[in-house]
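Read the structure below first, then the notes.
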Amino acid sequence: MGIIKIDNIRFKKMYNIDIPPNIDIYLLQHLNIIGYGLIKDTQNNPLTIYINKEYRGNGYGQKLFQDLINIIKEKNKYKDITLTTNKKDIYINNIIKNNGGIEISEEKNKVLYTIPINK
C-alpha cells in the first residue's frame, strides 16, 4: 500500500471533482485506489481525506492521514496546523486525536483541533 501524487487532470477524470491548481493531490492505493488526500499550502485546514466507501473501517483513513501529516512535516513550514471537523464524524475526530490532535474548542456541530507539526 502506498501514496502517490497525481495531477488535477487525472484526478478530475477519476472523481469528476475540480481541484484548484494550488492543491497537491495524493492517492492511497494498494491493488485498487482506496481514497485520496488533498494538501493546501495553508496553516488552517490544510488537508482533506476521503476513503472510498467500500474500504472504510479498515484503517486506511488513519494511514492516509499519517502520510499527509508527514508530507506537511517534511515541508517544515508550520509549527502547527489547525483542523475543523464535524462533531458527528467520530472517525475523523478519533484519527486526529490519535495523531496528536489537541481539541481547542467545540461549537454547535464543529470541533477545532491543533496538531503540532514542528517543535
Side-chain angles (χ1 to χ4, degrees):
M1 178 175 10
I3 187 170
I4 60 167
K5 187 173 181 179
I6 66 167
D7 61 48
N8 295 27
I9 296 168
R10 184 172 170 206
F11 184 78
K12 177 159 173 101
K13 287 180 184 176
M14 296 168 69
Y15 284 95
N16 197 28
I17 299 173
D18 285 317
I19 300 295
N22 63 330
I23 296 178
D24 294 331
I25 305 167
Y26 297 88
L27 293 181
L28 180 63
Q29 63 179 18
H30 184 54
L31 299 175
N32 297 310
I33 294 170
I34 295 167
Y36 64 84
L38 310 175
I39 297 179
K40 294 185 290 187
D41 190 8
T42 179
Q43 191 172 8
N44 297 319
N45 292 312
L47 59 90
T48 300
I49 63 171
Y50 177 82
I51 301 299
N52 296 333
K53 288 181 183 180
E54 64 268 25
Y55 296 108
R56 292 179 187 170
N58 294 300
Y60 295 124
Q62 175 80 14
K63 165 79 171 117
L64 182 57
F65 188 87
Q66 289 172 341
D67 288 347
L68 296 177
I69 291 294
N70 286 334
I71 290 168
I72 292 171
K73 285 180 178 181
E74 287 171 9
K75 292 182 179 186
N76 199 23
K77 198 167 184 179
Y78 303 112
K79 182 180 171 186
D80 56 33
I81 60 171
T82 57
L83 299 170
T84 304
T85 66
N86 184 319
K87 184 178 177 179
K88 293 179 183 179
D89 192 342
I90 295 169
Y91 294 113
I92 192 62
N93 286 298
N94 285 338
I95 288 171
I96 292 170
K97 289 176 190 175
N98 291 336
N99 285 280
I102 302 162
E103 186 176 322
I104 297 173
S105 67
E106 186 177 316
E107 295 179 14
K108 296 176 186 175
N109 60 348
K110 300 288 181 187
V111 181
L112 181 65
Y113 294 95
T114 186
I115 297 178
I117 297 295
N118 295 309
K119 298 177 183 177

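Numbers here are sequence positions counted from 1.
The OG1 atom of T48 lies 8.0 Å from the CD1 atom of I19; values are rounded to the nearest 0.5 Å. Here the CG atom belonging to D7 is positioned 8.5 Å from the NZ atom belonging to K13, to the nearest 0.5 angstrom. To the nearest 0.5 angstrom, I95 atom CD1 is 12.0 Å from I90 atom CD1. Between the CD1 atom in I92 and the CD atom in Q62 there is a gap of 9.0 Å [rounded to 0.5 Å]. Taking CD from Q66 and NZ from K73, the interatomic distance works out to 9.5 Å, rounded to the nearest 0.5 Å.
Checked against Q43 for a side chain to side chain donor-acceptor pair (under 3.5 Å), the options T114, D80, T82 give a single hit: D80. The residue from L28, I33, I34 that alone fulfils the side chain to side chain contact (heavy atoms under 4.5 Å, CB included) condition with Y55 is I34. Screening I23, I117, I69, I72 for a side chain to side chain contact (heavy atoms under 4.5 Å, CB included) involving P46 leaves a single residue, I72. For the side chain to side chain contact (heavy atoms under 4.5 Å, CB included) criterion with Y113, the lone passing option out of I102, N93, I104 is N93.
For E54, the CD atom is densely surrounded, since the number of other residues' heavy atoms within 6.0 Å is greater than 12. Summarising the local packing, CD1 of I4 is surrounded by more than 12 heavy atoms from other residues, nucleotides or ligands at distances under 6.0 Å. Within a 6.0 Å radius of NZ in K87, other residues, nucleotides and ligands contribute 12 heavy atoms or fewer.
Judged as a ring pair (Phe, Tyr, Trp, His ring centres under 6.0 Å), the pairs with a partner in residues 13-42 (not counting sequence neighbours) are, in order, F11-Y15, F11-Y36, Y15-Y36, Y36-Y50.
By the rule that hydrophobic residues join a cluster once side-chain heavy atoms approach within less than 4.5 Å of another member, I6 and I71 end up as members of separate clusters. If you chain together hydrophobic residues whose side chains sit under 4.5 Å apart, L83 and I39 fall into the same group. There is no path of hydrophobic side-chain contacts, each under 4.5 Å, that joins I51 to I25.
Taking both residues in full, the closest heavy atoms of L68 and L38 are given as CD1-N, 4.3 Å, listed atom of the first, atom of the second, then distance. What you find for N45 and T84 is that their closest heavy atoms are OD1-N, 2.6 Å. In this structure, L47 and I81 approach most closely via the heavy-atom pair CD2-CD1, 4.4 Å. What you find for G100 and P116 is that their closest heavy atoms are O-CD, 3.6 Å.
A donor-acceptor contact under 3.5 angstrom links the side chains of Y78 and D41, judged on distance only.
Residues forming a salt bridge (charged side-chain N to carboxylate O under 4.0 Å, His left out) with K75 (at least two apart in sequence, or on another chain): D24.
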